[in-house]
Amino acid sequence: QDTYLQARGTAADRLQTHLRSLHLQTSHAPAAMQQQVADLEQVTARLLAILDRAQRRDGASRISEQLRDELFMQLQRELASARSILINLESAQAQELAQRLEDDDRAASLLYLWLAIIATGLFVTLAWLSRRINADMRERRAVETRLQEANGFVESLLENMPTMVF
C-alpha cells in the first residue's frame with residue numbers, strides 16, 4: 001500500500017503540475033476554454049477518487065468482481081470524459097491559433113501596404129528633388145552664360161572705344 005500511495009502521490013503531483021500549466025496557458029483564452037480546463041480538473045479529481053476507493057477496498061479485503069467491474073466502468077467513463085475534454089481543448093486551441101495567424105497575416109499585409117506607400121512617397125520626393133536640382137543647375141548655367149556674354153560685350157565695348165572714359 002505504501003508503494004501505491006507513493007505512486008499515487010507522484011501521479012497526482014504531476015497531474016496538478018500539468019493542470020497549473022494548462023491554467024497558465026489558457027489564462028487569457030476565451031471563457032469556454034477556461035471552463036473546459038475546470039471540467040478537466042473535476043474529472044481528474046473524480047479519477048483519483050475512484051482509484052483511492054479501489055485501493056481502500058482492495059486493501060481492506062479482496063473486492064468482488066462486480067465491484068471491480070463497477071469501478072472499472074467508472075474509470076472508463078471518466079477517462080472518456082477526460083479524452084473528450086482534451087480533444088475539445090485541442091480543437092479550441094487550434095481554432096485560436098488559426099485566428100491569431102489570420103490576424104497576424106492581416107496585420108502584416110497592412111504593414112506591407114504602409115511600407116509600400118511610404119516607399120512610393122519617398123521615391124516621388126527624391127524624383128521631385130532631383131528634377132528641382134537639375135532645373136536649378138540649368139538655370140545657373142544659363143545665368144552664367146548670359147553673364148559671360150554680357151561681360152564679353154562690356155570688355156569688347158571698352159576695348160573698341162576710341163577715347164578713354166573714366
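Sequential numbering from 1 along the given sequence is applied to the chain's residues. What you see is a predicted model, and the numbers here were worked out from it, not measured in a lab.
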**Student:** With rounding to the nearest 0.5 Å, note down the distance linking OG in Ser84 to CG in Leu40.
**Tutor:** 10.5 Å
**Student:** Mind listing the closest non-hydrogen atom pair of Val43 and Glu78 along with its distance?
**Tutor:**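 Nearest heavy atoms, Val43 then Glu78: CG1-O, 3.3 Å.
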**Student:** Please assess Arg46 against Gln74 for the test side chain to side chain contact (heavy atoms under 4.5 Å, CB included), listing each intermediate value before the final yes or no.
**Tutor:** CA-CA 9 Å; Arg46 288 193 303 264; Gln74 287 177 351; over 6 Å; no
**Student:** Rounded to the nearest 0.5 Å, what separation is found between the CG atom of Asn134 and the CG atom of Leu129?
**Tutor:**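 Answer rounded to 0.5 Å: 11.0 Å.
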**Student:** Within a radius of less than 6.0 Å around CD of Glu139, do more than 12 heavy atoms belonging to other residues, nucleotides or ligands occur?
**Tutor:**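 Not more than 12 within 6.0 Å, no.
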**Student:** Which residues satisfy the side chain to side chain contact (heavy atoms under 4.5 Å, CB included) test with Gln25, sequence neighbours excluded?
**Tutor:**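 Partners of Gln25 by the side chain to side chain contact (heavy atoms under 4.5 Å, CB included) criterion, ordered by chain and then number, come out as Ser21, Leu22, Gln93.
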**Student:** Listed by chain and number, what are the side chain to side chain contact (heavy atoms under 4.5 Å, CB included) partners of Asp13, not counting sequence neighbours?
**Tutor:** none
**Student:** Restricting to salt bridge (charged side-chain N to carboxylate O under 4.0 Å, His left out), what partner residues turn up for Glu144, sequence neighbours left out?
**Tutor:**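 In terms of salt bridge (charged side-chain N to carboxylate O under 4.0 Å, His left out), with neighbours along the sequence ignored, Glu144 is linked to Arg140.
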**Student:** Not counting sequence neighbours, which residues clear side-chain hydrogen bond (donor to acceptor under 3.5 Å, both in side chains) with Arg77? List them please.
**Tutor:**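 Partners of Arg77 by the side-chain hydrogen bond (donor to acceptor under 3.5 Å, both in side chains) criterion come out as none, since no residue qualifies.
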**Student:** Could you work out, with salt bridge (charged side-chain N to carboxylate O under 4.0 Å, His left out) as the rule, every residue matching Glu41, not counting sequence neighbours?
**Tutor:** none
**Student:** Restricting to pairs with a member in residues 114-136, which pass salt bridge (charged side-chain N to carboxylate O under 4.0 Å, His left out), not counting sequence neighbours?
**Tutor:** Arg132-Asp136
**Student:** Which pairs count as side chain to side chain donor-acceptor pair (under 3.5 Å) when at least one residue sits in residues 145-161, sequence neighbours excluded?
**Tutor:**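 Qualifying pairs: none.
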**Student:** Any Lys/Arg nitrogen of Asp103 or Arg106 sitting under 4.0 Å from an Asp/Glu carboxylate oxygen of the other?
**Tutor:**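 Answer for the salt bridge query: yes.
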**Student:** Hydrophobic clusters join Ile, Leu, Val, Met, Phe, Trp and Tyr when side-chain heavy atoms are under 4.5 Å apart, directly or via other members; which others share one with Leu157?
**Tutor:**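 Phe153, which link up through side-chain heavy atoms under 4.5 Å apart, make up the rest of the cluster.
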**Student:** Only pairs at least two apart or in different chains count here, so list each salt bridge (charged side-chain N to carboxylate O under 4.0 Å, His left out) that has a residue in residues 79-91.
**Tutor:**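 Checked against salt bridge (charged side-chain N to carboxylate O under 4.0 Å, His left out) - neighbours excluded - no pair reaches residues 79-91.
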**Student:** Within this structure, what is the OG-CD distance for the pair Ser81 and Gln76, rounded to the nearest 0.5 Å?
**Tutor:**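 Answer rounded to 0.5 Å: 12.5 Å.
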**Student:** Linking directly or through intermediates, with side-chain heavy atoms under 4.5 Å: list the remaining ILVMFWY members grouped with Met137, chain and number order.
**Tutor:**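 Its cluster mates, by chain and number, are Ile133.
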**Student:** Would you mind telling me which of Ile85, Leu19, Asp39 makes a side-chain contact (heavy atoms from CB on, under 4.5 Å) with Thr44?
**Tutor:**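 Per the side-chain contact (heavy atoms from CB on, under 4.5 Å) rule, the option paired with Thr44 is Leu19, out of Ile85, Leu19, Asp39.
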**Student:** Starting from Leu101 and following side-chain heavy-atom contacts under 4.5 Å between hydrophobic residues (I, L, V, M, F, W, Y), which residues can be reached?
**Tutor:**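 Direct or chained contacts put Leu101 with Leu97.
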**Student:** Side-chain donor-acceptor pairs under 3.5 Å in residues 107-123, sequence neighbours left out?
**Tutor:**
unit_1, atom_1, unit_2, atom_2, d
Ser109, OG, Asp105, O, 3.0
Thr120, OG1, Ala116, O, 2.7

